[in-house]
Each structure stands twice: as C-alpha cells, then as structure tokens.
Amino acid sequence: MDNSSGVGVLDKAALVLSALESGPATLAGLVAGTGLALPEVLRRIPALDEKSATATRVMVLTQGFINGRVMDMARVDVTAELGATEIWEIENLVGMDHPFHLHGFQFQVLDRNGVPEPYRSWKDTVNVPRHESARFIVRYENYPGKWMYHCHILDHEDHGMMGVLEVR
Ligand SMILES: [Cu+2]
C-alpha cells in the first residue's frame, strides 16, 4: 500500500470508519480523503440466465419457520441436480426482516418486490425486509451434497428457521 501521503493504515481505517458512522455510504465516498485508489474496473460478473433456470423454489418465511417447518437434519427440503440453474423466490410474510443465507453456492439477486436489482453481484445472503420479497438465481456448479439455508439472525436459526438443500 502506498504510504507516501504520510497517512498511516490505521488513520485511513479510522477515516473510513468515521465516514460509515454518518450513515449509508458509497465505496467512492468511503475512500475519499484516505489516499486509497479505487480500481479502474471492478470484477466482471457474468449474468446467470433466467431462461436456463429449470425450477423455482418458493421459500415462505414466517416467524421461526420456512415453508411452515422447522429444521430437521433427517429431512431434505429441496433436491436439485448438480449443474442446474434455479430461481429462489423468498417471501417474507411477517413484520421483521429475515436475512436469507444459502450455504455452498453464490447467487445473483434478480429483483426485490419485482424491482430489478440495479447491479449484478455475487451474494450468499439477501436480506428480505418485513412483508417484502426477493428473487435470486443460483447455479449449483460444484460441490454436491447437503447444504443448509437459513435465516441469518442467530436466534432465528437456533430455533430452526433453516432447511436442507441436497445437490446430487
Ligand atoms: Cu429471521
């Protein structure tokens, strides 16, 4: 890292943190004044093709439940084929946000409440705000086996707001 400005790494980190404390920020806004340079080009992310999706998985979130059930290690909730591309539709019916997390695979958010995502990115978690919905597309490119998906709020997952995806 270029330290020629005389501003140390810790000072730069402190500047970024203080910018974050003042509310939502952009990456450009966060690095402004730190002497850090943004890359010219960000990582390229090829779009997963909605037309190639072979299934839509609907996940209805209620308080403590996914599709009305709690986690059972002995049950497989979703079975999918290795290499398949699928769409997951997450509907949150209750008055609390549920950050939905999928293990093993990265996905691309397609839309939230039907509004297309403004930019493409790889994610493993999407927050689904209260009474809202989100859709994402995922390709099970590798790693056959059993994977969990769950709400990422610790006490929700601890109470069984979780399911099992088996890819084979
Ligand atoms: Cu939750």
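Numbering of ligands and ligand atoms starts at 1, following listing order.
- Salt-bridge check for Glu132 with Arg112: failed, with every basic side-chain N at 4.0 Å or more from each acidic carboxylate O.
- Distances from the Cu ion (ligand 1) show that His152 has no N/O/S atom below 2.8 Å.
- Classification of Asp111 and Arg135 as a salt-bridged pair holds, one side-chain N sitting under 4.0 Å from a carboxylate O.
- No other N/O/S atom of His156 lies as close to the Cu ion (ligand 1) as ND1 does.
- Residue His98 approaches the Cu ion (ligand 1) most closely through its N/O/S atom ND1.
- Aromatic ring orientation, Trp88 versus Tyr149: perpendicular (interplanar angle above 60°, classes split at 30° and 60°).
- Between Phe136 and Phe100, the two ring planes are tilted [angle within 30° to 60°].
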